[in-house]
Number of protein chains: 2
Amino acid sequence: MTDRLQPDAVDAILAQWKRERPDLDASPMGPIGRIMRCSALLQRRLGETFSTFGMSAGEFDVLATLRRSGAPYCLSPKALFSTLMITSGTMTHRLQRLEANGWVLRVPNSQDARSMLVQLTPAGLELIDRAVEVHIETERAILALIEPTSVTALDVHLSALLSELERPDCEAPVKGGR
Amino acid sequence: MTDRLQPDAVDAILAQWKRERPDLDASPMGPIGRIMRCSALLQRRLGETFSTFGMSAGEFDVLATLRRSGAPYCLSPKALFSTLMITSGTMTHRLQRLEANGWVLRVPNSQDARSMLVQLTPAGLELIDRAVEVHIETERAILALIEPTSVTALDVHLSALLSELERPDCEAPVKGGR
DNA sequence: TCAAACTATCTTGAAGTCAAGACATATGAG
DNA sequence: CTCATATGTCTTGACTTCAAGATAGTTTGA
């Protein structure tokens with residue numbers, strides 16, 4: 001194991017496995033455990049911003065996906081739940097909440113009568129434009145906790161891993177109704 | 001942005017924000033989005049192993065925490081839910097499921113009549129000892145998708161970030177009853 | 001043209017999680 | 001010793017998510 005300045009929770013876990021199961025090489029738990037634990041802690045921190053704006057992380061994701069798709073800020077539920085890696089039923093519920101808050105609107109899809117399209121309202125657009133600014137600043141502050149060179153290195157190597165995990169022949173399927 | 005061999009989903013998101021909100025520097029979304037997206041995909045893959053053994057990821061976490069604490073494989077619910085970053089209510093439910101499966105047992109705590117201690121049964125010990133071996137091999141196979149030097153770099157820099165995120169003055173509180 | 005296969009969405013029921021608070025016990029200041 | 005406060009666990013109710021399947025509309029191939 002590489003020497004580090006400060007031990008983290010994962011170091012403690014690895015030390016315990018080493019003591020209890022010296023026959024195992026548990027080292028893969030290091031990077032993978034750290035990714036998952038960082039993710040959990042990040043979600044907690046970023047969630048504080050979202051509640052400031054009266055929304056959940058999931059709602060932010062939907063609004064942000066619509067916003068960055070560009071005018072007229074209109075996508076199908078299918079496009080949304082595929083992008084967000086959630087099931088169609090979950091998307092139905094999220095859209096109900098967002099619609100009840102007046103942040104999105106469902107408009108008929110003239111191309112396909114099976115589906116409605118989901119469109120950002122002016123209030124939704126205004127909200128996500130403000131929220132994303134605060135969100136990015138929060139993220140920037142978090143990354144400022146470590147060296148800029150570490151941030152760059154993380155980005156490069158995480159991208160390599162993510163590219164592999166996203167390969168269609170590796171990925172587990174998402175249930176969208178069949 | 002650093003050039004990479006293959007674009008991933010986060011590259012696409014950053015490009016969309018660049019087009020729609022050129023006034024924002026969304027670059028912090030890169031590393032943070034990749035951590036969270038890798039984590040989601042990893043959870044999905046690792047979950048397949050757990051269901052092979054008839055358990056959920058959460059149940060694996062509890063059994064593994066007890067196992068690596070060493071003989072007599074006995075911890076308080078408080079110690080478990082603090083370690084696992086979940087609430088006390090969630091732990092109550094997990095322990096009920098684990099107890100119903102015969103993998104843990106609740107024994108009286110002579111030191112503190114408010115609490116029972118949770119102990120791995122022989123069946124639970126045998127199960128987690130087999131499951132953790134498969135789990136580690138799955139993790140090893142995933143990390144083998146990228147260069148060994150990338151794995152090492154990831155580990156070092158994630159540890160730096162995790163250490164910062166875990167500092168008590170930064171962390172959001174966990175609700176355990178007050 | 002028509003039926004079979006496919007697709008997009010929603011519904012339903014089960015499971016897991018959390019926040020808040022109830023309850024019993026423990027601790028410590030006086 | 002006693003009471004106020006702190007602590008550990010469980011309960012409750014709401015919310016979110018998922019898997020499976022129902023429903024309605026679309027596409028394809030003969």
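Residue numbering restarts at 1 for every chain, and letters A, B, ... go by the order of the sequence lines.
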Participant: Atom pairs under 3.5 Å, N or O on each side, protein against nucleotides 26-28 of chain C: can you list them with distances?
Facilitator:
from, atom 1, to, atom 2, distance (Å)
C/dA26, OP1, B/Ala113, N, 2.9

Participant: Rounding to an integer number of Å, can you tell me how far A/Met91 CE sits from D/dT17 P?
Facilitator: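 Atom-to-atom, A/Met91 to D/dT17, this comes out as 9 Å.
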Participant: Can you list everything that forms a side chain to side chain donor-acceptor pair (under 3.5 Å) with A/Glu133? Sequence neighbours excluded, please.
Facilitator: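 Counting only residues at least two positions away or on another chain, A/Glu133 forms a side chain to side chain donor-acceptor pair (under 3.5 Å) with B/Arg21.
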Participant: Return the value, rounded to whole Å, for the distance between atom NZ of A/Lys78 and atom P of C/dT7.
Facilitator: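 To the nearest whole Å, that distance equals 8 Å.
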Participant: When you compare the protein's N or O atoms with those of nucleotides 14-17 of chain C, which come within less than 3.5 Å of each other, and at what distance?
Facilitator:
from, atom 1, to, atom 2, distance (Å)
C/dG16, OP1, B/Arg97, NE, 3.4
C/dG16, OP2, B/Arg97, NH1, 3.3
C/dT17, OP1, B/Arg94, NH2, 2.8
C/dT17, OP2, B/Arg94, NE, 3.2

Participant: Nearest whole angstrom, please: distance from the P of D/dT16 to the CG of A/Asp61.
Facilitator: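 Roughly 14 Å, once rounded to whole Å.
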Participant: Run the ring pair (Phe, Tyr, Trp, His ring centres under 6.0 Å) test against A/Phe60 and tell me which residues pass, sequence neighbours left out.
Facilitator: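 Result, ring pair (Phe, Tyr, Trp, His ring centres under 6.0 Å) vs A/Phe60: A/Phe50, A/His135.
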Participant: Going by the rule salt bridge (Lys or Arg N to Asp or Glu O under 4.0 Å), which residues pair with B/Arg68 if we only count those two or more places apart in sequence or in a different chain?
Facilitator: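 B/Arg68 satisfies salt bridge (Lys or Arg N to Asp or Glu O under 4.0 Å) with no other residue.
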Participant: It should be established whether A/Arg44 places a side-chain nitrogen or oxygen under 4.0 Å from OP1 or OP2 of nucleotide C/dC18.
Facilitator: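 Answer no for this pair, as no side-chain N or O of A/Arg44 is under 4.0 Å from OP1 or OP2.
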Participant: If you check every side-chain atom of B/Gln96, which of D/dG8, D/dT11, D/dC10 has the closest atom?
Facilitator: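 My answer, after comparing the listed nucleotides, is D/dT11.
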Participant: Can you measure A/Leu80 atom CG to C/dT9 atom P for me and round it to whole angstrom units?
Facilitator: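 So the CG-P distance, A/Leu80 to C/dT9, works out to 9 Å.
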Participant: How many Å lie between CZ on A/Phe81 and P on C/dT11, as a whole number?
Facilitator: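 Result: 14 Å.
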Participant: Which residues pass the side chain to side chain contact (heavy atoms under 4.5 Å, CB included) test with A/Gln96, sequence neighbours left out?
Facilitator: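 Side chain to side chain contact (heavy atoms under 4.5 Å, CB included) check on A/Gln96 returns A/Thr92, A/His93.
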Participant: How long is the line joining CE of B/Met85 and C1' of C/dA19, in whole Å?
Facilitator: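 Taking atom C1' of C/dA19 as the reference, CE of B/Met85 is at 18 Å.
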Participant: What pair of heavy atoms forms the shortest contact from A/Ala79 to A/Thr83, and how long is it?
Facilitator: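 It is O-OG1, 2.7 Å.
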Participant: Kindly indicate, with the supporting measurements, whether the criterion side-chain hydrogen bond (donor to acceptor under 3.5 Å, both in side chains) is fulfilled by A/Ser159 and B/Asp8.
Facilitator: CA-CA 7 Å; A/Ser159 180; B/Asp8 61 28; 2.9 Å; yes
Participant: Please report the distance, rounded to the nearest Å, between CG in A/Leu95 and P in C/dC10.
Facilitator: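 In whole Å, C/dC10 P lies 7 Å from A/Leu95 CG.
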Participant: Return the residues of residues 66-75 of chain A meeting this criterion: a heavy atom under 4.0 Å from some atom of DNA chain D. Order them by number, or give none.
Facilitator: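 Those residues: none at all.
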Participant: State which residues pass ring pair (Phe, Tyr, Trp, His ring centres under 6.0 Å) with A/Phe53; sequence neighbours excluded, sorted by chain then number.
Facilitator: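 A/Phe53 satisfies ring pair (Phe, Tyr, Trp, His ring centres under 6.0 Å) with no residue once adjacent residues are dropped.
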Participant: Listing request: all ring-ring contact (aromatic ring centres under 6.0 Å, His included) pairs with a residue in residues 22-48 of chain A, at least two apart in sequence or in separate chains.
Facilitator: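 Not a single pair qualifies under ring-ring contact (aromatic ring centres under 6.0 Å, His included).
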Participant: For A/Met116 and C/dC10, give me the distance from atom CE to atom C1', rounded to whole Å.
Facilitator: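 Answer to the nearest Å: 13 Å.
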Participant: What residues form a salt bridge (Lys or Arg N to Asp or Glu O under 4.0 Å) with B/Glu139, not counting sequence neighbours?
Facilitator: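 Checked B/Glu139 against salt bridge (Lys or Arg N to Asp or Glu O under 4.0 Å); zero matches.
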Participant: Just list the side-chain donor-acceptor pairs under 3.5 Å for residues 99-106 of chain B, sequence neighbours left out, or say none.
Facilitator:
from, atom 1, to, atom 2, distance (Å)
B/Asn101, ND2, B/Arg97, O, 3.4

Participant: Among residues at least two apart in sequence or on other chains, which ones pass salt bridge (Lys or Arg N to Asp or Glu O under 4.0 Å) with B/Arg140?
Facilitator: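 So B/Arg140 forms a salt bridge (Lys or Arg N to Asp or Glu O under 4.0 Å) with A/Asp25, B/Glu137.
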